[in-house]
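Contents: one structure, followed by commentary.
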Amino acid sequence: MLYVSTRGLEDSKNFSEVLHSGLAEDGGLFVPKFIPRLNQEILNQWRHLSYEKLALEIISLFSGDCFSRAELSDILNESYAGFHHELKSPLIKLEDNHYFLELFHGPTLAFKDFAMQVIAAMFAKTLQKKNFKINIITATSGDTGSAAVEAFKGISNINLYVLYPHERISQIQRKQMTTSNAKNVKVFAVQGTFDDCQSIVKELFADKALVSDVNLSGVNSINWARILVQIVYYFSAFYQLNDLFEGKLSFSVPTGNFGDAYAGFIAKRMGLPINKIIVATNTNDILDRVFKTGVYKSDIVRKTLSPSMDIQVASNFERLLFDLLNNDAKVVGKLMNDLSKKGHFNLEKSILTLISKDFDSGMVTDKDTMTTINHFFNERDITLCPHSAIGVRVAKDFVDTGETVVSLGTAHPAKFKETVEQALDTSISIPMKLQNIMEKQESVRVIPPSSQQVAEEIRKSYLREN
Ligand SMILES: *Cc1c(COP(=O)(O)O)cnc(C)c1O
């Protein structure tokens, strides 16, 4: 399988190159040249596979000859061994026609573990083969960073740098990132928003000299491998439903950077019978607005009760545009140029019509988020994290029309203890593992929202070691 950049200025790359580079050199994102289409027979054959085996089938369609089947199988078994549920992504029933896919049984209790564990193992494997050192940089709204620290800590030949928005993440998220005590991990609290962190990452990648001098790589969902690994649980959910539903099946996805929702779109493209991917946002609603009006315009980032979704520039939307524009990189490049020059771009009616075939959307305020957490606790004894509550709330309108919806449970409620307790007006218990980190010494540096200090730090520590 070969990959191209959404801006079209680069030669095709193989999976290993795409895994290691994160962002394309022309500023675009890598996408596969084509999406394999599965027939009914294959869909049936996969029905009874374990999570790891299902992942093996799906990922090997895209990873080319980067790993042998046995190597990939080892990587997946190792990656999911630390999950606390046999099914990895168990599906529970919330109410009639409405299901909840629990994606928070990994080591840091958010769905980010699904992909981060696998790509860390992929990096370790490929670097071991090449005897090569790299530096990984990632921006986080809270959960990507903790998943990355957990997955990459102590791996030789890899240094990890994490940027999170200072005082805009939950206490537990911060503790998970700053208490690893790992020599190969450095954490920066950026005095700004997630979008500022993400622009620092994009600036660092635009610095060609730095990228090649220190082998800079990225593990945000701009890295295709993350998207790829997340496709698997859409299939898993479908098989767990076991055809026990009538009519159409949609997925409601709490959305920030549009990585998870885009993975669902790829699952649909591969032939999984999905009606709509329902994009659920908080008041940082750029995607809900673009789907309804065709105007993609970023606003200031609002601080909400669902901090992992406090994002205005949804990077992966560029991948969707490339697909909807029939892989026309010129038009994508022009739209992205408009966005950076004028702060917005407008989509034509025909594109909006295409979007509406695969997507729907809705926005949820903090007040409704609280009400939803409260409702499901009182009525069903189910505790939702604020992000998951947003997906569930938006799904409700579709469920009420008779459609079957799977809402994604993106994080464990304990990660957002303060908010959940406020919503329920009672205290909730937190898993032992989280209790332990609360006491540990933190290591973090607060920096202004500029790429300079981070670039210097990466160069300095790279030189020290080589
Ligand atoms: C990252 C995250 C999201 C948003 O996912 P995207 O792929 O960025 O759209 C939603 N909920 C939680 C808990 C997250 O950690």
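Ligands are counted one by one from 1 in listed order, and the atoms in each one are counted from 1 as well. The chain is numbered in sequence order, starting from 1.
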Ser308-Gln173 side chain donor-acceptor pair, cut-off 3.5 Å: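 Side-chain D/A pair, Ser308 to Gln173: present.
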
Thr6 and Glu318 side chains, donor-acceptor separation under 3.5 Å: yes

Separation between NZ of Lys125 and CD of Glu78, rounded to the nearest 0.5 Å: 8.5 Å

N-O pairing of Lys396 and Asp400 below 4.0 Å: yes

Report each N/O pair between ligand 1 and the protein that falls under 3.5 Å, naming both atoms.
{"residue": "ligand 1", "atom": "7 (O)", "partner": "Gly259", "partner atom": "N", "Å": "3.2"}
{"residue": "ligand 1", "atom": "7 (O)", "partner": "Asp260", "partner atom": "N", "Å": "2.9"}
{"residue": "ligand 1", "atom": "8 (O)", "partner": "Asn257", "partner atom": "N", "Å": "2.8"}
{"residue": "ligand 1", "atom": "9 (O)", "partner": "Gly256", "partner atom": "N", "Å": "2.8"}
{"residue": "ligand 1", "atom": "9 (O)", "partner": "Asn257", "partner atom": "N", "Å": "3.2"}
{"residue": "ligand 1", "atom": "9 (O)", "partner": "Phe258", "partner atom": "N", "Å": "3.0"}
{"residue": "ligand 1", "atom": "11 (N)", "partner": "Thr410", "partner atom": "OG1", "Å": "3.0"}
{"residue": "ligand 1", "atom": "15 (O)", "partner": "Lys112", "partner atom": "NZ", "Å": "2.6"}
{"residue": "ligand 1", "atom": "15 (O)", "partner": "Asp143", "partner atom": "OD2", "Å": "2.4"}

Aromatic ring proximity Phe83/Phe114, centre distance under 6.0 Å: yes

Backbone of Arg174 reached by a side-chain donor or acceptor of Thr178 within 3.5 Å: yes

